[in-house]
Structure formats: C-alpha cells, structure tokens
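Reading through the structure tokens given below for one structure.
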Amino acid sequence: MRQEFYKTLMSPVWLVILVLAAVLPPLLPSYYLHIVILSLVYVALASAWNIVGGMAGQISLAHSLFIGTGAMLSTALLLKLGVNMWLGLVISAVISGAMGAMIAWIDFRFQLGHLSFVLITLAFAEMGTVIVEGWDFLGGASGLLLPQDKGDFLAFQFGGGIGAFWVMLVLAIASILINVAILNAPLGYYLRTIRDNENAARAIGVNILRYKVAAMVISAMLSSVIGTAYVRYLTFADPYLLVSPIIIIEIVLFATVGGLGRAYGPAFGALLLVPLGEILRGKLGGTLPGLHYFIYGVVVIAVILMSPRGLLPLFEKWFSRARPKAATTK
Amino acid sequence: MLEVDHLVTGYGGVPVLQDVSLTLSAGEIVGLLGANNAGKTTLINSLSGMYAPMSGRIRFEGQDVTAMTPKQRVEIGIIQVPEGRLVFPEMSVRENLLLGGINARARTHRPRQMDHVLELFPRLQERLGQKAGTLSGGEQQMLAIGRALMAEAKLLMLDEPSLGLSPLFVQYIFGIIDRLHAEGLSILLIEQNLNLTLRHAQRCYVLERGKVAVEGASDVVKDDPRTRRAYLGL
Amino acid sequence: MTITRREFAVGASGVLLGSVAAPFVRRAGAADSTIRIGVVNSMSGGLAAYAQEGQPAFEYIIKKINAEGGIKSKGGAKIELIQADDTSQPARTATEARRLITEEKVQLLTGTILSAQMLALTPVLDELKMPTLSVWAGGARSNYMFTLGYPYDRGYAQSMHDFVVFLRDSEKFNIKTAVMGYSNYEAGQQVNKFLHEKLKASGIEIIGEAPLDIKAQDQTSAMVRIRSLKPDVVVGLVTPRDGILLHQARYNLNYHGSIFCGGTGGYSDLSLWKDLGPEIGKAVLTKNLFGMTGFSAGAKVDSMQKIITELRDVAKLDRIGQGAIQYAQAGRVLQQVLETSASLERDALLDAFKKVNIPFGDPNLYVAKPKGLQFAEDRLLVDGSAMFIQWTPDQQQQVVFPKEFAQTAPRPRA
Amino acid sequence: MAEFLQALAQGLLIGSTYGLLALGMGLVYGVSGVVNFSHGDFISLGMFLCLALYSALALDPYVSLVITVPLMTVIGGLVYWYLLRPMVGHQFLMVVQLTLGLSLVLQNGILMVFGGQPARTPSVVESKLLILGDVVVRVPHVIAFVVSFAMAIGLYIMLRSTDFGRSIRAVHQNAHAAALMGIDVSRVQTLTFALGIGILAIAAALLLPGTPIQPAQGLRYTVITLIVVALGGMTNFVGIMLGGLIIGLSEAYGTIYLSDTLGMLLPYGIFVLIMLFRPQGLTWSSSR
C-alpha cells in the first residue's frame with residue numbers, strides 16, 4: 001500500500017506542475033494570479049476537509065472553527081501580543097487540533113448519528129461566529145488588519161502575489177499528498193471501514209475512537225495552518241469570511257461536487273468551481289444584481305444532476321471509456 | 001394465470017436471475033424452492049415490479065405486465081407478502097390493514113375485506129388498536145397476510161412465511177394458506193422449508209444460482225436428486 | 001434535462017478555456033475621451049440595501065455631469081462607470097477591486113466600501129496604488145483611501161455625545177443614565193466603544209448594553225431588556241433594518257420611558273415611515289426620538305433641499321435615504337477631484353483628493369457640514385459632524401441640532 | 001416579573017412560528033430523507049410572493065394565501081419531481097448540495113426581481129396589539145401562534161386518519177413495504193414535498209406582518225429550522241413544535257437576561273446539550 005504513495009510521489013505529473021508553477025505566475029496578470037491562488041486555497045481546504053468528511057464520512061461543518069482559529073488567533077497573537085506569526089501558526093494549529101479531538105470525542109462518546117453530527121457541528125460553527133463577534137481580543141465584528149506583507153520570511157511574510165502562490169501551492173500539494181498517504185495507509189482503510197459500517201468495524205475490533213480522533217486532528221490542524229496562510233495573503237482577518245459557516249458550506253460543496261473520499265476529488269471540485277464563481281462574478285457582477293450567483297447555482301444543480309457521484313468519477317468514466325487500459329488505478 | 005418467459009433480472013448490470021421461466025395456473029399453489037441467494041426474492045420482487053427486468057416477459061391473466069409499475073400490478077391483483085413481514089411498526093394493526101387495501105380497486109371494499117380478514121385471524125381482532133411493532137412474530141405474519149388480503153389479491157406471493165416462527169405458528173399459517181387455496185386463491189409460495197412446501201404445493205420450481213434447476217409436480221421434484229443438491233447449494 | 005452531458009462538457013470547457021485565455025487577450029486601450037471609474041458595490045448579499053439605494057443616485061449624478069459637458073479641465077472627458085459586485089463579502093471587494101484596476105484599467109475606484117470592505121481593500125490599494133473614494137467607511141487605513149463616511153470617533157460618536165450633552169445641559173433634559181443600543185456589527189461596535197468612553201467622561205452613567213442581533217427578525221426581546229433597565233437615554237449606531245425592528249418593538253411594548261437617540265439610517269431615513277407604516281411611525285418616531293443624519297429636507301441648506309427634490313422628481317428615485325445622498329455627494333467629490341487634478345496620473349489624483357474643498361454654501365454640498373467638505377490628514381472628513389432631527393406627525397423632519405441648522409428646539413419629553 | 005412574563009409570551013409566540021417552519025421540513029425528511037438547505041429561501045419566496053401580490057393587487061398577506069399556497073405547492077412538487085427525485089439513492093450529502101444550489105438560485109432570483117432593499121408588506125393587523133396586564137403581544141404573532149398549532153394538529157389528524165396521511169407514514173416507516181401495498185412512493189414523496197412547501201407559504205404569510213424582508217435572509221431561517229427539526233426528533237410533530245418553543249424561549253430569555261454574546265450563544269448551547277443527551281430529540285417514546 002505504501003508503494004502506491006511513493007509511486008504518486010514520484011509521478012512525473014509533479015514535475016509538470018512544478019515547471020508550470022515556475023513559468024506561469026510571472027506571466028499571469030495580477031487578477032488571474034489571484035484567482036489561481038484562491039483556487040489553491042480552496043483545493044487545500046477541501047482536501048483537508050476530505051480526510052474527515054470524505055474518508056471517515058463525518059460531515060463536519062465545524063471546520064470553520066479550525067480555519068478561523070488559524071486565521072484570527074494567529075493574527076490576534078501577532079497584533080495584540082507581538083507573537084511571531086510562525087509561532088502563532090503552531091499555537092493555532094495545536095489549539096485547532098485539540099478542538100478537533102474534542103469534537104471527535106463527543107461524536108464517539110455520544111454515538112451521534114450522521115445528521116446529528118452535521119447539525120451539532122453546524123451549531124458549533126454558528127457559536128464560533130458569535131464568540132469571535134463578541135470578543136475584542138480577536139477583533140470583534142470588525143476583524144483585524146495585518147501589517148503590510150513586505151516579504152520578510154521570518155515574520156511569516158511572503159511578499160504577496162507570487163510568494164503567496166508558492167505557499168498555497170505547497171499547502172495544496174501537501175494537503176493532497178496527505179490524502180493519498182492516508183488512503184494508502186492502514187488509517188485510510190480503517191476510516192473507510194468505519195464510514196461504511198461502524199458496527200462491523202467495532203465488531204472486528206477497530207479502535208474507532210482512535211481513528212476518528214486521528215482523522216479529525218490531522219484535518220483540523222491542516223485547516224488551521226491553511227487558515228493562517230490564507231489570512232496572511234488576505235491581510236485582513238475578516239470574521240464573517242473566516243469563521244462563518246459560509247466558508248465551510250462552500251468547502252463541502254467543492255469537495256462533494258468533485259468527488260468525496262477520493263484523493264483528488266475535492267481538489268478537482270475546487271479547481272473547477274472557484275474559478276467559475278470568480279469569472280462569473282467578474283463578467284456579470286456589473287449587470288443585473290444576483291445574476292452571476294443565479295447562474296452559478298444553476299450550474300451547481302446541473303452538475304450534480306449530471307454526475308450524482310461527483311465529477312471526478314464521471315471524468316474517470318469518460319477517460320476509461322476512451323482509454324480502457326488506464327481504468328484500473330483509482 | 002401467470003407466465004414468466006425467459007426472465008433476466010439483475011442489479012448494476014450483473015444478472016441475478018438468468019433466464020427463468022415459470023407458469024402458474026389459476027387456483028394453484030406453486031412452490032419456489034432454493035438455497036439462500038438462489039434468486040427467489042429477486043424473482044418475487046421482479047414479479048411485483050420492484051426491479052425492471054433486463055429481458056424476458058411476464059404475463060398475468062393474458063396481459064403483458066412486464067412494463068407495469070408496482071402500483072399497477074397491485075391494482076390487477078398481484079400481491080406480495082414480503083420476507084420478514086415488513087409490517088408498519090409505528091401504525092396500529094387496523095391502520096396496517098387499511099393500508100393493505102389502499103389501491104384503487106380494493107379501496108371501496110375495505111370494510112367487507114376487513115371483516116373477512118378478522119374472521120380469518122381472530123387474533124388480530126383483539127389487537128386492532130395495538131402498534132404493529134409490538135406484535136409477536138407470528139402475529140406480524142398474520143397481519144402481513146391479512147394486509148395482502150385486504151388488497152384483494154388474485155395471486156398471493158408469500159416470501160418465507162415460516163421464517164422465524166415457532167412450529168405451532170408455522171402449522172397455523174400453512175393451515176391458513178390451505179384455506180385460502182380452498183377459497184380459490186392462486187398462491188406462489190417461496191420457502192426454505194423444503195418438506196413443508198412440497199407437502200402443500202401442487203407443483204414446485206427449484207432455483208439454483210438464478211436458474212431453474214428442477215421443475216414439476218411436487219412428488220416428482222421431491223424425488224429428483226438435483227433438488228437436494230440445489231437446495232444445499234452444492 | 002435537456003442538456004446532454006457532452007454538450008455540457010463542451011460548454012464547461014469553453015468557460016474554463018475562456019477564463020484561462022482571457023488574461024492573454026489584451027483589451028484595446030480605453031478611448032482618451034473617457035475617464036473610467038470602477039464602482040465596487042455590494043449589489044447582492046446581506047448588505048445589498050446600501051448599494052441598491054445609492055447606486056441609482058450615483059448614476060444619476062454622473063449622467064448629469066456628463067450631460068453638462070463632462071470634466072471640462074480634461075477636454076470635456078466623459079465619465080464611464082465600470083460596475084462590480086462584491087456580494088457583501090469583503091474578501092471579494094478586494095478581488096473585484098484588483099480586477100477593476102488591473103483588467104478594466106480604471107483610473108479611480110469608488111463604491112459603498114463599508115468598514116470591513118475598506119480593511120479588506122487596504123492591501124490591494126497599497127499594492128496597486130489606486131486612489132479610492134469610499135462612500136461609507138468610518139476609517140481609512142490605506143494611504144490611497146479617502147472616505148465620505150462619518151469617522152467612528154469624531155463623526156458618529158462625537159456627534160451623538162454632543163447631542164446628548166446638549167439635551168442635558170442646554171435643554172435641561174434629565175439625563176443621567178444611558179443604555180447602549182446599537183447594531184451588533186463592525187461599525188456599530190466601533191462607534192459604541194468611542195461613544196461609551198465619551199459619555200462616561202461627560203458624567204453619564206452607562207447602565208447596560210443592548211446590542212441588536214443584525215440577523216434577528218424581531219427586536220422585542222432587546223426592547224424588553226431596555227425597558228427593564230429604564231435608562232434616561234438609549235443611544236447608538238443602528239442600521240436601517242435594525243431600526244425598523246427596534247421601533248416596531250418599541251411600539252409593541254408601548255415603551256416611552258427613555259429617549260432614543262441614534263443614527264443614522266435606522267433613526268432618520270425617510271423610508272422609515274414606509275417601512276413601519278404610518279400608524280406605528282406616528283406612535284414611536286414622533287415621541288422621544290432623535291435621529292442623527294447627514295442631510296434633511298428640513299435643514300436650512302438650499303443645496304441639500306434641491307438635491308432631495310431633484311432625486312425625487314427628476315431621477316424618480318423611490319427611496320431617498322442616507323445612501324442616496326451620500327452617493328450623490330460622492331459623485332460631486334469625484335467630479336471636483338477630476339477637475340482639479342493636474343492630470344489623470346495617480347499621484348496627481350491623490351493630490352487632488354487632498355485638496356478637495358466643497359465649502360458650506362456650495363450648490364454641490366449635499367450633506368450638512370457647517371465647515372464644508374474637506375479631507376483631513378487621515379483622509380477622513382475634517383468635519384465629521386452630523387445633524388439631529390425630530391419627526392413631525394406629517395412625516396417631515398425638523399432639525400434640532402446643531403445650532404447652525406436648527407429649525408426648532410427639541411420637543412420635550414413625552 | 002413583567003420582563004419574565006413578556007419574555008415568556010415573546011418566546012412562545014415566536015417559537016410557535018419556528019415550529020411551523022419546521023413541520024414541513026420534518027415531513028419531507030421523514031418520507032424522502034432530504035434535508036433541504038433551500039428551506040429558508042422557500043420561506044423568502046413565499047414572503048416575496050405576498051409582497052408582489054400586495055404591490056399588484058393590494059392584497060393583504062392573509063388574503064394572498066389563496067394564491068400563494070397553491071402556487072408554492074405546485075412549485076414544490078415540480079422541484080421535487082425534476083430535481084430531487086432523480087437523486088434518490090445517491091449520497092445524502094450530494095442531495096444537500098443540490099438544495100444549496102437551489103438556495104443560490106432562489107435567493108438571487110428573488111434579488112433580481114425585487115432588489116435588495118428591505119421591503120414591507122402592510123397588513124390590517126400589523127399594528128394591532130393585545131394587552132394582557134403587563135404583557136403586550138402583537139396580534140400578528142397571536143394569529144401565527146394559533147394557526148401554527150392548528151396546522152400542527154391538522155397535520156397530525158391528516159396523518160392519522162386519511163389514506164394520504166397513512167401513505168406518508170407508510171413510506172416513512174418502510175418505503176419498500178409501502179410500494180408493495182401499491183403506494184406510488186415517488187408520488188407520495190413528491191406530494192409531501194409539495195405539501196411541505198405549501199405549509200411554508202402559510203408560515204411566510206404569518207411571519208410577514210411587521211417583518212422587513214430581504215432576499216439574503218434565507219440561510220438564517222434554514223439554520224433555525226434545522227435546529228428545531230433536529231430538536232424535535234426530525235419526524236415527531238409534537239417534538240418539533242416543542243423544539244420551536246424551546247428555541248424561541250431561549251432566544252427571548254437570552255437576549256433579555258444575558259444580552260450580548262452569551263445571550264446569542266444560549267439557543268445553540270441548549271441545542272447542543274439536548275442533542276448530546278437526547279439524540280432522538282424531544283420525543284417521549286423511545287421507539288423508532
């Protein structure tokens with residue numbers, strides 16, 4: 001199983017991505033570079049969520065707490081206490097991991113059904129928004145503004161633009177590789193067993209608590225780190241974006257539409273839907289208010305009706321039909 | 001009355017029933033035997049219209065019903081008593097019976113049918129207001145059969161009616177089956193209990209891995225060595 | 001579905017290819033005779049009300065400027081507006097601004113740009129050095145951002161404080177205690193912080209807070225809380241929507257034990273009567289209530305009265321509130337910037353912003369600023385003050401503060 | 001004491017409308033397992049339809065019901081038949097995402113037609129008050145309260161004693177067995193969804209007097225509804241109405257006695273606690 005991971009790691013595709021990444025960004029106008037960066041942020045976030053939502057089947061809407069912690073707490077620590085943002089990133093990640101462990105434990109301890117878990121995590125997400133709104137240290141409803149990014153690496157600054165692109169590319173690839181690694185490791189196997197039949201998993205002696213907590217902690221810490229990097233790029237720590245249920249609802253949308261539980265599915269969904277949303281808004285935002293969102297909604301519905309198992313499986317099917325031999329790898 | 005011609009049914013492109021043909025005349029009890037996974041339940045559900053066949057035809061009283069929906073088949077009198085009873089646990093016995101006769105043909109005769117069913121199963125009369133989920137297994141089986149009768153069945157298809165019942169109840173249920181037969185009802189009986197089926201059915205089919213392995217009058221089937229083999233799933 | 005998969009695939013890849021190729025297709029340069037102004041507004045989403053009210057007024061003024069010969073110092077150049085929608089999400093304000101600046105090549109940027117959007121926009125403006133006029137932000141963190149909004153501190157908070165003290169000291173209202181009743185969002189919280197300190201410093205005791213949940217559909221509970229605290233005055237920044245709910249709640253509880261002072265839209269928008277209905281409006285707006293506003297038909301300012309009439313009768317706008325007037329004012333400010341700027345280069349425009357001066361009495365001054373309209377060092381208005389009005393039963397406003405504009409004395413407590 | 005009673009009245013009145021909003025979602029979840037994230041936007045749709053009817057024909061929202069209920073019912077039926085029915089048998093989450101897409105379409109469709117300004121629809125009862133000692137309540141709220149409970153009871157009776165109601169319950173308890181009874185499961189699911197949306201049209205009209213409406217309000221209603229439905233045990237009407245009252249009361253008491261952050265957290269906190277210790281919701285029976 002490990003071999004699969006190393007094979008992926010050694011795949012020539014990465015070389016192509018690397019070359020493209022080195023060549024393309026300097027050529028891209030700033031607005032399009034921004035869309036690329038944004039897409040990478042959501043590729044990373046959707047892939048991080050997939051570890052829990054896709055592989056373990058726990059549809060967590062509480063991830064906005066982890067993203068929000070990574071973003072707001074590291075910013076507040078820097079602005080209010082002068083803590084270096086690298087350290088802030090670590091502190092936030094540890095706290096997010098702890099929150100994740102707690103949520104996984106609650107899920108296990110109270111034997112929550114799927115829907116109860118969704119709704120309880122949604123309530124956590126809403127509570128997170130209310131708490132940040134009312135807590136001055138984290139900036140309250142006004143949010144916090146980071147100092148300008150001057151490219152000082154030691155201060156967690158990457159110079160915006162191309163620097164941010166590389167950071168997000170690394171995070172996105174790391175997030176995907178962690179997916180591949182888990183899928184090919186015993187953890188991935190256990191998670192799928194738990195997802196498909198928790199009782200059966202328990203009957204054969206799988207330590208459910210351990211794997212649920214492991215998945216949630218990995219996913220939470222990863223989301224937190226991405227949150228920190230994202231806020232550094234945005235520079236403005238906006239609670240209504242970073243700690244709101246809306247961000248997580250979007251991530252779940254990307255992951256689901258792309259293909260849940262697959263290593264590349266969520267990334268695929270984000271890569272398609274983020275640019276689509278941005279371009280639609282750019283082209284149509286100045287016309288009839290709401291039109292671009294309306295069309296986006298129609299596209300989402302159409303895509304789901306057309307490929308109810310996710311886009312990636314659909315594309316694989318087309319691909320395998322065209323080249324039947326390539327169909328064996330999943 | 002019922003003719004099944006070269007029926008092939010399956011899920012996700014994989015056939016489970018492979019070329020099954022059978023017939024049932026009016027007023028007959030036909031037994032359908034076979035090991036687990038032989039395709040008995042798939043067959044009965046195909047007859048009820050729950051699965052669309054991949055090929056083949058089903059005719060009922062001379063009418064081609066292959067393309068009919070489950071609802072239409074219930075309306076022409078093809079009624080199934082499913083495996084495991086599947087009564088509606090949160091509803092009262094009375095409500096379960098009323099639901100049995102919910103199809104357009106039976107709806108208006110419900111009071112009459114209800115009397116008939118309660119006369120057949122006096123036990124249900126006592127339990128009319130009770131939730132079906134609280135009944136014993138045997139009582140649930142009575143209810144399931146009663147519910148099917150409410151639909152004014154012409155062809156009654158029973159899927160494993162003896163499953164999980166005490167010998168006493170099994171006897172009782174088969175007594176009822178005989179009585180219904182005597183009243184002229186056509187019955188397709190699916191059973192694991194070989195001897196019981198052979199005793200009550202006039203003709204039998206033995207399914208083996210989705211195909212008819214043996215067919216014929218009950219005594220003939222009984223003595224055919226292939227029956228035992230198919231039945232043990234060897 | 002009538003679309004087949006393949007058709008959809010072709011269409012979808014078309015959209016994708018188009019978006020990938022778009023940056024490499026260079027747009028022909030804009031004609032010299034037009035000046036492109038990017039307008040990034042919240043046309044959809046939770047804040048849509050602000051921009052949707054202001055946008056028509058803004059377009060009207062720009063059209064008028066163009067019709068009257070455009071920007072004369074630039075050879076009669078016409079202004080072209082390039083609209084964008086940030087869907088009420090600050091991160092998208094930044095995205096859209098970036099697009100307008102780098103793709104649409106706009107020469108100036110403006111829009112609702114509430115405070116959160118202003119913050120999100122700051123790094124983009126600093127990076128791309130684009131002179132920008134916000135219609136509503138209460139602060140300006142980028143060197144390139146100017147704003148017409150009331151500064152939180154010396155604008156909103158100071159005006160409300162001054163008025164409360166005026167009521168107490170000059171008008172002999174009995175005001176000893178206050179409850180802070182404000183919309184619980186970024187501007188509401190900011191103003192509240194400053195106002196809290198100022199009132200305390202002036203000897204008014206703050207006996208409680210009643211933040212209004214901006215998502216709530218009913219504020220009765222908040223009003224019950226206020227009633228139980230029974231302060232002499234309830235004061236704070238309230239959005240138009242929360243204002244409607246707050247006044248309604250006051251009507252429901254028939255509560256007249258406190259004086260309600262606040263602004264802006266939630267206390268003084270002309271549309272309040274329409275939103276509350278005449279009966280409720282009469283019962284609560286005309287009793288123990290004073291609203292902060294930047295404009296009022298009743299104020300003794302000719303230019304202000306003229307623009308209100310014009311927007312109503314000529315532009316045929318059905319909703320003329322704070323938003324519409326602020327936007328109309330923004331149109332005039334941009335006009336002056338473009339007229340006085342030495343060129344259309346960014347540095348020149350920036351200088352022109354710093355020199356903006358619409359003195360009191362100027363026909364293009366639509367908001368009530370006794371000292372006129374200029375930007376201070378911090379790029380906020382020098383004169384951040386506002387008026388206070390009271391409502392009359394015939395749905396008119398009377399200015400009661402400050403003295404410069406006052407038509408009448410505040411109605412005594414009922 | 002006056003505050004306590006006022007909060008009690010407020011909580012009960014508002015809570016009953018939450019319950020009414022949630023009845024339809026509970027029904028739909030029961031028979032088709034769909035959790036509809038566009039629920040709140042259908043409420044918006046109902047409200048804006050009333051607004052349109054007021055603008056065009058000067059109809060009072062209560063009178064508009066004659067038109068909005070059938071219209072919304074038909075819309076609901078079409079939505080289920082063409083959008084949700086094809087998703088039967090697919091992942092729960094995919095269906096949720098589809099309703100999210102629908103939410104975007106509805107919300108922005110409304111925005112395109114009506115604009116984003118807060119809008120008010122006048123009604124004859126809008127400013128009427130009922131004064132009971134220290135407690136003042138709004139007549140529209142009282143009407144909403146009464147109708148909510150009447151609807152809940154009516155639905156309960158319908159489910160118990162009509163063939164349609166029994167088919168709904170049969171599909172809910174065992175869709176396979178229901179199909180074997182000759183019940184057209186898709187049809188029942190479609191009609192139930194249509195009924196659920198029709199109920200929303202009533203809820204919308206009841207909530208409308210005195211509420212400024214905006215296209216973006218949908219998600220808020222959806223979240224409240226989800227919470228109430230979950231509290232009620234998803235399919236139990238008594239539980240759902242009770243869930244509505246609990247959320248309504250906790251909002252009222254939270255705002256009045258706690259104010260600020262803590263007050264706004266209260267409903268969510270109570271929800272989480274109930275869900276943890278009574279995951280089956282507020283039902284009394286342990287079965288199902």
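Numbers restart at 1 for each chain; the letters A, B, ... are given by sequence-line order, proteins then strands. These values consider heavy atoms only, across backbone and side chains, with no hydrogens, waters or symmetry-generated copies.
Put simply, of D:His90, D:Met87, D:Gln107, D:Gln91, the one with the most heavy-atom pairs under 4.5 Å next to chain A is D:His90. For chain A, the option among D:Ile110, D:Leu93, D:Val272, D:Val95 with the highest count of heavy-atom pairs below 4.5 Å is D:Leu93. Chain D forms the most heavy-atom pairs under 4.5 Å with one residue out of A:Gly134, A:Gly290, A:Gly310, and that residue is A:Gly290. Among A:Ile106, A:Leu122, A:Val252, A:Val118, the residue making the largest number of heavy-atom pairs under 4.5 Å with chain D is A:Val252.
Atom-to-atom distance recorded for D:Leu98:CG and A:Thr256:OG1 is 11.5 Å, nearest 0.5 angstrom. Between atom CZ of residue A:Phe117 and atom CE of residue D:Met275 there is a gap of 12.0 Å, rounded to the nearest 0.5 Å. If you take CE on D:Met94 and OG on A:Ser307, they are separated by 6.0 Å, rounding to the nearest 0.5 Å. Note: A:Ile120 CD1 to D:Ile274 CD1 = 11.0 Å, rounded to the nearest 0.5 Å.
Both the backbone and the side chain of A:Ile131 come within contact range of chain D, each with at least one heavy atom under 4.5 Å from a heavy atom of that chain. Residue A:Arg109: no heavy atom, backbone or side chain, is found under 4.5 Å from chain D. The part of A:Ile59 that comes within reach of chain D is its side chain, from C-beta onward, which places non-hydrogen atoms under 4.5 angstrom from that chain. At a 4.5 Å heavy-atom cutoff, the contact between A:Leu260 and chain D is made by side-chain atoms alone.
Outside the 6.0 Å centre-distance limit, the rings of D:Tyr268 and A:Phe124 are not counted as a close aromatic pair.
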Margin query: Applying side chain to side chain contact (heavy atoms under 4.5 Å, CB included) to A:Phe294 and D:Leu111, what does each step give before you reach the verdict?
Written below: CA-CA 10 Å; A:Phe294 184 88; D:Leu111 178 69; over 6 Å; no
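Between A:Phe110 and D:Leu276 the shortest heavy-atom distance is CD2-O, 3.1 Å. The shortest heavy-atom contact between D:Phe92 and A:Leu115 is CZ-CD1, 3.5 Å.
Taking 4.5 Å as the limit, every side-chain heavy atom of A:Val300 sits out of range of all side-chain heavy atoms of D:Leu102.
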